[in-house]
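Here is the structure we will look at.
Just so we're clear, the structure is a prediction, and the values are computed from it rather than from any experiment.
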Amino acid sequence: MNDYRDQYARLPETSGGPAGEPPALNPGDILRIARRRRWSIILGFAVVFAIAAAVALLLPPVYRASATILIEEQEIPADFVMATVTSFAEQRLQQINQRIMSTTRLLEVIERFDLYKQMRAKRTNEEVIEQMREDVKLRQISAEVMDRRTGQPTKATIAFSLAYQGKDSPATIQKVTNVLVSLFLEENLQVRERQTAETSKFLEDEMRRVQEELAQVEKRLSDFKELHINELPELLQLNIGQLSNTERAIERMEEQLRSQKTQEGYLQTQLANISPFLENTDRGQLRHLETELATLRSRFSEAHPDVIKTAGAVKALKAKIAGKARGGAVDPEEPDNPAYVTLSSQLSAAQSEFASLTNQIAEQKRVRERYEQRIEATPKVEREYRLIAAEQVSLKSKSDDLMHKVMEAKVAQGLEKGQKGERFTLIDPPQMPERPFKPNRMAIVLIGLVLGIGAGVGLAALREFGDRSVHDAATLADGTGWPVLGEIPVIVTRRDRQRVRVRRMVSVSATCLLIVAGLIVFHLWVMDLNVFWAKVNRRLPI
C-alpha cells in the first residue's frame, strides 16, 4: 500500500482532469472532506471563538449616561425688556464648556468620585484629565427656525446633550453626569448674572464719569459766561443796537454842542457891548473915570494936571464906594446893570450846558468804544462758547443715553436674578445605565463566530490540500491506472466503539454548554429573557 501511495504522490497533479486544472469536487466529496477533517474544523473554530469570547468577557464594561438640556428663550418679550447678554447660545456653550473642562474643575470631580483609579496610579494628572475630557461629550441639537430679523429659515441651537462614559459603576457614571450637568447649569446662571452685573456696573461707572465731566464743562461754561457776559453771541444784536443808539446819541449831543457854542459866542458878543454898571451910579461913574484915566495916561504923563485930577477923582470915588461896602449896602464888584446880569446868567448857563454836553459826549464815546470792543470780541468768544456748549450738549446727550441704558441694565439684571431670561432647563436628566455602552460583546462574539468558522474551514482546507494520501479506491485507480483488487474495511474494535461514545458524549455536552452560554450571554448583554419571551408571545399567536 505504501508503494502505491509513493507512486501516487509522484503522479502529476493534472491527472484525472484537463491539463492544468485540479480535479473537480462534488458535494459528496466536500461532505467527506468535512467529515474527515472535522477535528481540524472544530479545533480552528474553537480556538478563534474562544479567543473572541475571552476578549468579549475580559474587556471592562464602559457605561454611559447622558442628559438633554433645553435652551429656553426669555419669558418676557424682548420688545419690553432687552437682555444685556448678547452672545449666541453656541458661543456661550463653548465658553462654559471650556470653563467646566478646566484642569481644576475636572480634578475636583475626579478626586470626589475616585475616577480613573488604575490610570492615576500609572500616569500623570494631565493624561488623566485629558482622558476625562475625551470621555465627556457635548453635542448640540439644532433645528430649523425662522429668523426674526431676516425672515429666512436658519439653523439654531435649541438644546444640547451632555454625556459621560467611563469604566466605573453605573451609579458612579450617573452621579458624575449629574455633577457635570449641575456645573453647566450653575455656570450658565453665574455667567449671565456676572455679565449683567458687570454691564450694570460699567454703565454706572461710565455714567458717573460722564456726569462729572458734564459738571466740569457746565462750570467752565458758567465761568466763561460770567467772564464774557457782555460778549456772548446771543447779546451780539443787543450790542449792535446799543452801539447804533450810542452813535446817534453822540451825533445829537455834538449837534447840541455846536448850537451851545454858537449861543455862547453870541452871548459873549452881547456882554462885550454892555457895561456891567449903570451910568448914574457911583460904580458907573467910577468905570467912566477909569476909562478916561486910562486914556489920559496913554496921552500924558503922570504929572499932567488932567491925569492928577482924574486920578484923584477915581480915588475919591473908590473910597466912597468902599465906605458904602463897609456899611453893608452893596458889593462894589457886583454888576448892577440888569441887562448885563441877564446876559451873564445866560452865558453861564450856556457854558455849563456846553461843559455837560462835552462830558456826556466823552462818556458816550467811551460807551461806544466798549460796545465796539464787545462786538469785535464776539466772534472769538462765540467760537469758544460754541465749543464748550457743543461739548456740554454732547455730554448731556451721552449722560441721558447712559442713564437710560443703566435703567435697562438694572431691569435686565432683575430679569436674570428672577431667572426670567434665556436659561438652560434640564428636560431629560441622566439615568443610571442598565447595560454597558461598550464593548459590544454580542458583536465581538458574532465576529468570533464568523472568524472561527472561517479559521476551521481554512485549517481543514490547508490540511486537506497539503495531504497527498489516497482515501478511496476510485482515486487510487484513477491515479495509478491499475485496477483495485479489493478493499479492507476498517476494523472497529471495542476500544474504538468506546472512544466514539465518549466523543459523542463530549459533543453533546459541549453543545449543551454552548447553548447555555449563549442564553446567558443573550440574557446579560442583549436582552432579558423574560422581556424576550414577552415580545415573542406578543408577536406569535399562541
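With sequence neighbours excluded, the residues forming a salt bridge (Lys or Arg N to Asp or Glu O under 4.0 Å) with E382 are R386, listed by chain and number. Q174 pairs by the side-chain contact (heavy atoms from CB on, under 4.5 Å) definition with N178, M432, not counting sequence neighbours. For D401, the salt bridge (Lys or Arg N to Asp or Glu O under 4.0 Å) criterion is met by K405, not counting sequence neighbours. The side-chain contact (heavy atoms from CB on, under 4.5 Å) check on Q392 picks up L214, V217, E218, L221, with sequence neighbours excluded.
A salt bridge is defined here as a Lys NZ or Arg NE, NH1 or NH2 lying under 4.0 Å from an Asp or Glu carboxylate O, and R120 with D114 meets this definition. Electrostatic pairing of E198 and K201 does not count as a salt bridge here, judged by no charged N lying under 4.0 Å from a carboxylate O. A salt bridge between R220 and D223 is absent, with no side-chain N of the basic residue lying under 4.0 Å from a carboxylate O of the acidic one. Looking at E213 and R209, a side-chain N of the basic residue comes within less than 4.0 Å of a carboxylate O on the acidic one, giving a salt bridge. Using a cut-off of 4.0 Å between Lys/Arg side-chain N and Asp/Glu carboxylate O, K225 and E231 are scored as not salt-bridged.
Using a 4.5 Å heavy-atom cutoff, the side chains of Q165 and Y63 are not in contact. The shortest side-chain heavy-atom distance between K380 and H228 does not fall under the 4.5 Å cut-off. Residues S399 and V210 are in side-chain contact: their nearest non-hydrogen atoms beyond the backbone lie under 4.5 Å apart. Annotation: side chain of F224 is in contact with side chain of V381 (closest heavy-atom distance under 4.5 Å).
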- Query: Where do E134 and Q131 land on the side-chain contact (heavy atoms from CB on, under 4.5 Å) test, with the steps shown first?
  - Reply: CA-CA 5 Å; E134 295 177 0; Q131 180 62 45; 3.8 Å; yes

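The salt bridge (Lys or Arg N to Asp or Glu O under 4.0 Å) analysis of residues 166-186, with sequence neighbours excluded, yields no pairs. Listed by first and then second residue, the salt bridge (Lys or Arg N to Asp or Glu O under 4.0 Å) pairs involving residues 121-131 are E130-R133 (not counting sequence neighbours).
Annotation for L70 and A159: closest pair CA-CB, 4.0 Å, computed over non-hydrogen atoms.
Here the straight-line distance linking atom CD1 of I71 with atom CG of N188 works out to 8.5 Å at 0.5 Å rounding.
At a cut-off of 3.5 Å, with distance as the only test, no side-chain donor of S397 or S394 sits close to an acceptor on the other residue.
Ring geometry for Y164 versus Y116: interplanar angle over 60°, hence perpendicular rather than tilted (30 to 60°).
A donor-acceptor pair under 3.5 Å links the side-chain atoms of S509 to the main chain of M505, judged by distance alone.
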